[in-house]
Undergrad: 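This is the structure I have questions about; it appears just below.
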Amino acid sequence: MSIKPARTRIAPSPTGHMHLGTARTALYDYLLAKKTGGQFILRIEDTDIKRTVPGAEQEIMDGLRWLGLEYDEGPDVGGAYGPYRQTERREIYQHHAKILIDNKSAYPCFCTPDKLEKTRQEQMKRKENPHYDGACRVLTPEDAAKRIANGETYTVRFKTPKEGVTIAHDHLRGDIATENNQLNDYVLLKSDGLPTYHLAAIVDDHEMQITHVLRGSEWLGTFPLHVNIVRAFGWEEPIWIHLSVFLKPSGKGKMSKRETAQAMKDGYSIFIKDMQELGFTPEGVMNWSALMGWGVAEDDVMTIDQMVERFSIDGLTPSPAAINFQKLDHFNATHIRLFTTEDLAARLKPYFTCEGLNVNDNVLLKIVPLLRERLVTLDDCLAFGSFFFREDVTPNPEDLVAKGLDAAQSAEIARRAYQILAAQPDISHERCEPPLRAYVEESGLNVNQVFGILRAAITGQKVSPPLFESMEIIGREKCLQRLESAIRILEKI
RNA sequence: GCCCCCAUCGUCUAGUGGCCCAGGACGAAGCCCUCUCAAGGCUUAAACCGGGAUUCGAAUUCCCGUGGGGGCACCA
């Protein structure tokens, strides 16, 4: 069976931090494009100059690349359908606005924002739905032309049919019927000459030959308008897919400032840049967000390539999904365990070096297998494994005292352990573990007491990777040194 | 207020009229393994929003409620 290659696009506005919703939509766009052998495109929707924030566009591009969603066409990579930044496409929109005016689907409007606001207030007072009153809709083309020639500023509005019903088809939701009297004469072209989303997106999707429009369900309200615009141009419609929104963890409402701050406090975020810094992996983030809105029966741990393999727009779900950060942890940890040793080592190294630690690559390669199944986020490697790269450690004195024993008894155990270890020809775990276990046996102590002292002494931590494997990597000299200083600490208690 | 969308375990979901006394995953609980912490293995609890209708038969189709979400800008 041959599938038609799909052209999809992610079209974010550079108005803030790139968030999870954008990432998920981009993922589905990417999956569809790759699945069908088509193209995935980045288009920057920067027509609201006032809200554009510097750096946001770069963050989007960085974010997509970090996630592994390389786009085939975009502002910084070019393509046959550019430019890919809407502010660079002004003339295209003006030209198309003119086409709609000429074919009577749109008209110039000279109403001022003040006047608009006033009529809105009055309508609300009368408990009517706020809507444009149509004052300029009835202007003759000649009048309008004259006023334009006089230099009056104007917008261009879409001439929505007064009666009848607009039926728009969404691939997930079926036909959506809306009474035209519910629809406004929306502004297409603003008085600054730039288009609104409504015009820009429709024109660009057509010009860029987008076959599938995936976007958030917040666009459902103006969906009929968009369909009407496409039809006014006489163009073929793309397949429309309105994705569900993400809800806050409680499931009651969207993520607000409050929840975002709370998430950050718990070590989570809905911003891609933050997630990267918090030690989440692209694999984990993508797998996690893919499954909020895409139903997969079983074997839900997937790489992006595996997702491409299995993806279908028919599997997308229309219902809203509550964000569950625990599940992000799970996917992140699971993917970390799937990485090769070399790969994980390379990803972990920056965390150690950022701490100012001197990373020996051989040591790193050896500790990765010990760390791997203990990491939920990449930065967890610091808590578990930084002692491998330190000259010495400073154990908490109370951690050196074994449960049920006092300092003197613990010191005695440490001294015995020292003798046993010092007597070994090497410090391999095969060599060291048996005699120490024998000592535990004969002393009547339990392993937790003896190994606990050693763990604290040698790793400086209460919790660590397996003790004997760790000692082997640290090396005989350092281990004995650390044990010795632990003994001194114990003797001072 | 008006319009639109959605509705299966706490959460993400499978399910497209009989295979479902509803399957998987996260989380939870218990057990096993165990030098700490994990990982792993096994087990358990946990859902078809309510009411009508269609049908021999409904989680699955249709209506009506209810609940939740989104939208009603010269923002996207």
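Letters A, B, ... are given to chains in the order of the sequence lines, protein chains preceding strands, and every chain is numbered from 1.
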Undergrad: For this output row, return yes or no: ring centroids of A/H226 and A/F158 closer than 6.0 angstrom.
TA: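 Ring centroids of A/H226 and A/F158 are no less than 6.0 Å from each other.
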Undergrad: Looking for any heavy atom pair under 4.0 Å, which part of the strands does A/C111 touch: base, sugar-phosphate only, or nothing?
TA: base
Undergrad: Would you kindly give the CZ-to-C1' distance between A/R120 and B/C2, to the nearest whole Å?
TA: 15 Å
Undergrad: To the nearest Å, how far apart are A/K462 NZ and B/A38 C1'?
TA: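 Interatomic distance, NZ of A/K462 to C1' of B/A38: 17 Å.
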Undergrad: Could you tell me whether A/G452 contacts a base, only the sugar-phosphate backbone, or nothing, with contacts defined as non-hydrogen atoms closer than 4.0 Å?
TA: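 Nothing, no heavy atom under 4.0 Å.
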Undergrad: Do A/R173 and B/C5 have a side chain to base donor-acceptor pair shorter than 3.5 Å?
TA: no
Undergrad: Please determine, for the side chain of A/N129, which listed nucleotide (B/C35, B/G1, B/C74) has the closest atom?
TA: B/G1
Undergrad: Regarding A/S319, tell me which of base, sugar-phosphate or nothing describes its non-hydrogen contacts under 4.0 Å with the strands shown.
TA: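 Sugar-phosphate only.
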Undergrad: Are side-chain heavy atoms of A/I323 and A/L20 found at a separation under 4.5 Å?
TA: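 With C-beta onward as the side chain, the pair touches.
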Undergrad: Rounding to the closest angstrom, what is the interatomic distance between B/C42 and B/A59 at atom P?
TA: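 Pairwise P distance, B/C42 against B/A59, rounds to 31 Å.
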Undergrad: List for me each residue that meets salt bridge (Lys or Arg N to Asp or Glu O under 4.0 Å) alongside A/R482, sequence neighbours excluded, and say none if there are none.
TA: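 Salt bridge (Lys or Arg N to Asp or Glu O under 4.0 Å) check on A/R482 returns nothing, list empty.
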Undergrad: Between B/G51 and B/C56, how far apart are the two C1' atoms, rounded to whole Å?
TA: 23 Å
Undergrad: Could you tell me if the side chain of A/C432 sits less than 4.5 Å from the side chain of A/L421, heavy atoms only?
TA: yes
Undergrad: Given B/U36, B/C5, B/A39, which nucleotide is nearest the side-chain atoms of A/R374?
TA: B/U36
Undergrad: From the set B/C3, B/C35, B/A73, return the single nucleotide nearest to any side-chain atom of A/R437.
TA: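 Closest of the options to the side chain of A/R437: B/C35.
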Undergrad: Taking only the C1' atom of each, what is the distance from B/A46 to B/C72 in whole angstrom?
TA: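 The answer is 40 Å between these two C1' atoms.
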Undergrad: Out of B/C12, B/A76, B/G40, which has the shortest distance to the side chain of A/M292?
TA: B/C12
Undergrad: Counting only side-chain nitrogens and oxygens, does A/R157 get under 4.0 Å of the OP1 or OP2 atom of B/C74?
TA: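 Looking at the OP1 and OP2 atoms of B/C74, one of them is under 4.0 Å from a side-chain N or O of A/R157.
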Undergrad: Please state how far atom CG in A/L199 lies from atom C1' in B/A73, giving the value in whole angstrom units.
TA: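 Distance check: A/L199 CG to B/A73 C1' gives 16 Å.
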Undergrad: Kindly point out which of B/A38, B/C35, B/G69 is positioned nearest to the side chain of A/L247?
TA: B/G69
Undergrad: Measure from the side chain of A/L116, starting at C-beta and using heavy atoms only, and say which of B/U36, B/C37, B/C74 lies closest.
TA: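 Minimum distance to the A/L116 side chain belongs to B/C74.
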Undergrad: When you measure from the side chain of A/I176, which nucleotide among B/C35, B/C75, B/C4 comes out closest?
TA: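 The listed nucleotide nearest to A/I176's side chain is B/C4.
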Undergrad: Base, sugar-phosphate, or nothing: which does A/T317 touch, judged by heavy atoms less than 4.0 Å apart?
TA: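 Sugar-phosphate, no base atom in range.
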Undergrad: B/U36 P sits how many Å from A/M471 CE, rounded?
TA: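 Rounded to the whole Å, the gap is 16 Å.
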Undergrad: Across the strands shown, which category fits A/S464 at heavy-atom distances under 4.0 angstrom: base, sugar-phosphate, nothing?
TA: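 Touches a base.
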Undergrad: Using both distances under 3.5 Å as the test, list the Watson-Crick or G-U wobble partner of B/C72, or none.
TA: B/G1
Undergrad: In whole Å, measure the gap between the P atoms of B/A28 and B/U11 for me.
TA: 16 Å
Undergrad: What is the nucleic acid contact for A/P320, judged by heavy atoms within less than 4.0 Å: base, sugar-phosphate only, or nothing?
TA: sugar-phosphate
Undergrad: Looking across every strand, which nucleic acid part, if any, lies under 4.0 Å from A/E469 by heavy atom: base, sugar-phosphate, or nothing?
TA: base
Undergrad: What's the CG-C1' distance between A/L20 and B/C12, to the nearest Å?
TA: 13 Å
Undergrad: Using a 4.0 Å heavy-atom cut-off across all strands, classify A/P195 as base, sugar-phosphate, or nothing.
TA: sugar-phosphate
Undergrad: Treat primed atoms plus P, OP1 and OP2 as sugar-phosphate and everything else as base, then score nucleotides 15-29 of chain B 5' to 3': B for base contact with protein heavy atoms under 4.0 Å, S for sugar-phosphate contact only, - for none.
TA: --------BSBBS--
Undergrad: Taking only the side-chain nitrogens and oxygens of A/K254, find out if one of them lies under 4.0 Å from OP1 or OP2 of B/G71.
TA: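 Yes, because at least one side-chain N or O of A/K254 sits under 4.0 Å from OP1 or OP2 of B/G71.
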Undergrad: Determine the contact category for A/D48: base if any of its heavy atoms lies under 4.0 Å from a base atom, sugar-phosphate if only primed atoms, P, OP1 or OP2 are that close, otherwise nothing.
TA: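 Answer is sugar-phosphate: A/D48 comes under 4.0 Å of backbone atoms only.
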Undergrad: Taking any strand in view, what nucleotide pairs with B/U11 in a Watson-Crick or G-U wobble way, both distances under 3.5 Å?
TA: B/A25
Undergrad: Could you tell me whether A/F280 and A/W288 have their ring centroids closer than 6.0 angstrom?
TA: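 No, too far apart.
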Undergrad: Within the pair A/R43 and B/A76, is there a side-chain N or O less than 4.0 Å away from OP1 or OP2?
TA: no
Undergrad: Between B/U43 and B/C26, how far apart are the P atoms? Round to whole Å, please.
TA: 14 Å
Undergrad: A/L467 near the nucleic acid: base, sugar-phosphate alone, or nothing, with a heavy-atom cut-off under 4.0 Å?
TA: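 Base contact - A/L467 has a heavy atom under 4.0 Å of at least one base atom.
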Undergrad: Measuring only the P atom in each nucleotide, how far is B/C20 from B/C63? A whole number of Å is fine.
TA: 29 Å
Undergrad: Could you give the CG-to-C1' distance, from A/D46 to B/C75, as a whole number of Å?
TA: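 Atom-to-atom, A/D46 to B/C75, this comes out as 13 Å.
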Undergrad: Touch check for A/T459, heavy atoms < 4.0 angstrom, all strands: base, sugar-phosphate only, or nothing?
TA: nothing
Undergrad: Let me know, please, whether A/H198 or A/T178 comes out on the 5' side of the other along RNA chain B by nearest nucleotide.
TA: A/T178
Undergrad: Report the residue (A/A11 or A/R455) whose heavy-atom-nearest nucleotide on RNA chain B is the more 5′ of the two.
TA: A/R455
Undergrad: Whether A/E207 and A/R43 form a salt bridge (side-chain N of Lys/Arg under 4.0 Å from carboxylate O of Asp/Glu) is what I want to check.
TA: no
Undergrad: Give a yes/no on whether any side-chain N or O of A/K190 is located under 4.0 angstrom from OP1 or OP2 of B/A76.
TA: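 Checking A/K190 against B/A76: at least one side-chain N or O falls below 4.0 Å of OP1 or OP2.
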Undergrad: Any strand is fair game: report the nucleotide pairing with B/G40 by Watson-Crick or G-U wobble, both distances under 3.5 Å, or none.
TA: B/C32
Undergrad: Please report the distance separating the P of B/C49 from the corresponding atom of B/A22, rounded so that it comes out in whole Å.
TA: 15 Å
Undergrad: Testing A/T317, A/L31, A/L27 one by one against A/W294 for a side-chain contact (heavy atoms from CB on, under 4.5 Å), which residue passes?
TA: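 Result for side-chain contact (heavy atoms from CB on, under 4.5 Å) with A/W294: A/L31.
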Undergrad: Remember a base hit wins even if backbone is also touched, and classify A/W219 as base, sugar-phosphate or nothing at under 4.0 Å, heavy atoms.
TA: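 Here A/W219 touches the bases of the nucleic acid.
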Undergrad: Kindly check if the number of other-residue, nucleotide or ligand heavy atoms within 6.0 Å of NE2 (A/H17) is above 12?
TA: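 Atom NE2 in A/H17 is not packed in, count stays at 12 or less.
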Undergrad: Below 4.0 angstrom from OP1 or OP2 of B/C74, is there any side-chain N or O of A/T196?
TA: no
Undergrad: Please confirm whether the shortest side-chain N or O distance from A/R215 to OP1 or OP2 of B/A76 is below 4.0 Å.
TA: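 Result: no.
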Undergrad: When you check the phosphate oxygens OP1 and OP2 of B/A39, does a side-chain N or O of A/R372 lie under 4.0 Å from one of them?
TA: no
Undergrad: What about A/S191: does its side chain form a donor-acceptor pair under 3.5 Å with the base of B/C74?
TA: yes
Undergrad: With a 3.5 Å limit on both atom pairs, tell me what B/G67 is paired to, counting Watson-Crick and G-U wobble, or say none.
TA: B/C6
Undergrad: Are the charged groups of A/E259 and A/K254 less than 4.0 angstrom apart, N to O?
TA: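 A salt bridge is absent here (no side-chain N lies under 4.0 Å from a carboxylate O).
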Undergrad: Output the rounded distance in Å from CZ (A/F468) to P (B/U36).
TA: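 Whole-Å distance recorded here is 12 Å.
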Undergrad: Taking only Lys NZ, Arg NE, NH1 and NH2, and the carboxylate oxygens of Asp or Glu, determine whether A/R9 and A/D205 approach each other closer than 4.0 Å.
TA: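 Salt bridge present between A/R9 and A/D205.
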Undergrad: Under 4.0 Å, heavy atoms only, any strand: does A/G216 hit a base, just the sugar-phosphate, or nothing?
TA: nothing
Undergrad: Is any NZ, NE, NH1 or NH2 atom of the basic residue among A/K118 and A/D114 found under 4.0 Å from an Asp or Glu carboxylate oxygen of the other?
TA: no
Undergrad: May I ask you to say what A/P465 touches in the nucleic acid, namely base, sugar-phosphate or nothing, with a heavy-atom cut-off under 4.0 Å?
TA: base
Undergrad: Under 6.0 Å between ring centres, would you say that holds for A/H242 and A/F223?
TA: yes
Undergrad: In whole Å, what separates the P atom of B/A29 from that of B/U34?
TA: 22 Å
